[in-house]
Novice: 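Here you go, one structure.
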Amino acid sequence: MKRETVTVTTFSRKERMKKHIVPMAAGIITAVSMYALPVHASGVSEVLNPINNLKTLVLSIIGAVGVIVLAKNVMEFAQAYQQQDSSSMNSALKGIVAGLIMAAISAVMTFLGF
């Protein structure tokens, strides 16, 4: 019968730290980052007013550009219809639809609550 030799390995300090402390630290960091505290803000309107003003300005600009695009394409469609140019009529109709969408976007966004 042959004897089996069993070797005992001792872990160095660095290996012990990798094996035990690093997973523990990762768990603690994860637990702390998932803990949420309620925040009570007192000056909400002071923070939101500039953002709401910017949103209103951007929507107004998009609506104004939409009306301009709509008017331009209506005139182009009338001119293409007079000349019986089907490709220009098709292009003008696409522009009219785009102008309507741009002009109506502010009303849609207001209706949705933005």
Side-chain angles (χ1 to χ4, degrees):
M1 233 190 299
K2 235 179 176 184
R3 282 184 132 189
E4 292 183 25
T5 56
V6 177
T7 58
V8 177
T9 58
T10 57
F11 293 110
S12 68
R13 187 175 195 163
K14 191 174 188 180
E15 290 173 357
R16 268 190 311 221
M17 190 169 86
K18 282 183 185 178
K19 189 173 183 180
H20 296 290
I21 296 175
V22 171
M24 184 175 60
I28 290 171
I29 290 171
T30 303
V32 168
S33 66
M34 293 179 74
Y35 183 69
L37 291 174
V39 176
H40 303 288
S42 62
V44 175
S45 62
E46 296 169 358
V47 175
L48 291 180
N49 277 341
I51 295 171
N52 288 334
N53 291 341
L54 181 65
K55 177 188 69 168
T56 304
L57 176 68
V58 169
L59 288 176
S60 299
I61 289 172
I62 291 173
V65 170
V67 170
I68 293 169
V69 168
L70 179 64
K72 176 189 166 286
N73 284 301
V74 166
M75 291 189 306
E76 282 184 11
F77 180 76
Q79 190 175 20
Y81 183 76
Q82 186 180 13
Q83 295 175 357
Q84 297 295 319
D85 186 8
S86 63
S87 65
S88 295
M89 279 193 276
N90 190 17
S91 176
L93 283 174
K94 289 179 184 177
I96 289 172
V97 170
L100 283 172
I101 290 171
M102 288 176 69
I105 195 70
S106 63
V108 170
M109 295 298 269
T110 305
F111 178 72
L112 292 176
F114 290 105

Novice: Transitively linked via ILVMFWY side-chain contacts under 4.5 Å: M34 with I28?
Specialist: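 Shared cluster, no.
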Novice: Please determine whether residues L59 and L70 belong to a single hydrophobic cluster, defined as Ile, Leu, Val, Met, Phe, Trp and Tyr linked transitively by side-chain heavy-atom distances below 4.5 Å.
Specialist: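 L59 does not cluster with L70.
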Novice: Indicate yes or no for a side-chain donor-acceptor contact from N53 to the backbone of N49 under 3.5 Å, with no hydrogens or angles considered.
Specialist: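 At least one qualifying donor-acceptor pair exists.
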Novice: Could you give the distance from CZ (F77) to CG (D85), rounded to the nearest 0.5 Å?
Specialist: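 Between atom CZ of F77 and atom CG of D85 there are 11.5 Å.
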Novice: Counting only heavy atoms not in Q82 (residues, nucleotides, ligands), do more than 12 fall under 6.0 Å from its CD?
Specialist: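 Result for CD/Q82: open.
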Novice: Look at the side-chain heavy atoms of Ile, Leu, Val, Met, Phe, Trp and Tyr, link any pair under 4.5 Å apart, and say whether I62 and V69 land in one connected group.
Specialist: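 Yes, same cluster.
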Novice: M102 and side-chain contact (heavy atoms from CB on, under 4.5 Å): which single residue from I61, V65, V67 fits?
Specialist: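 Of I61, V65, V67, side-chain contact (heavy atoms from CB on, under 4.5 Å) with M102 is met by V65 alone.
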Novice: Using the rule that two of Ile, Leu, Val, Met, Phe, Trp, Tyr join whenever any of their side-chain heavy atoms come within less than 4.5 Å, decide whether V58 and I105 are in one cluster.
Specialist: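 Yes, because V58 and I105 connect within a single hydrophobic cluster, where side-chain heavy atoms sit under 4.5 Å apart.
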Novice: Quick one: does T56's side chain have a donor or acceptor within less than 3.5 Å of a partner on N52's backbone?
Specialist: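 Yes; at least one donor-acceptor contact below 3.5 Å.
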Novice: So, taking the atom named OG in S91 and the one named CD in E76, what distance separates them when rounded to the nearest 0.5 Å?
Specialist: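 S91 atom OG to E76 atom CD measures 6.5 Å (nearest 0.5 Å).
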Novice: Let me check something: do L57 and M109 share a hydrophobic cluster, defined by ILVMFWY side-chain heavy atoms less than 4.5 Å apart, either directly or through other members?
Specialist: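 Same hydrophobic cluster.
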Novice: Considering only heavy atoms from C-beta outward, does the side chain of I51 approach that of K55 to under 4.5 Å?
Specialist: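 Not in contact.
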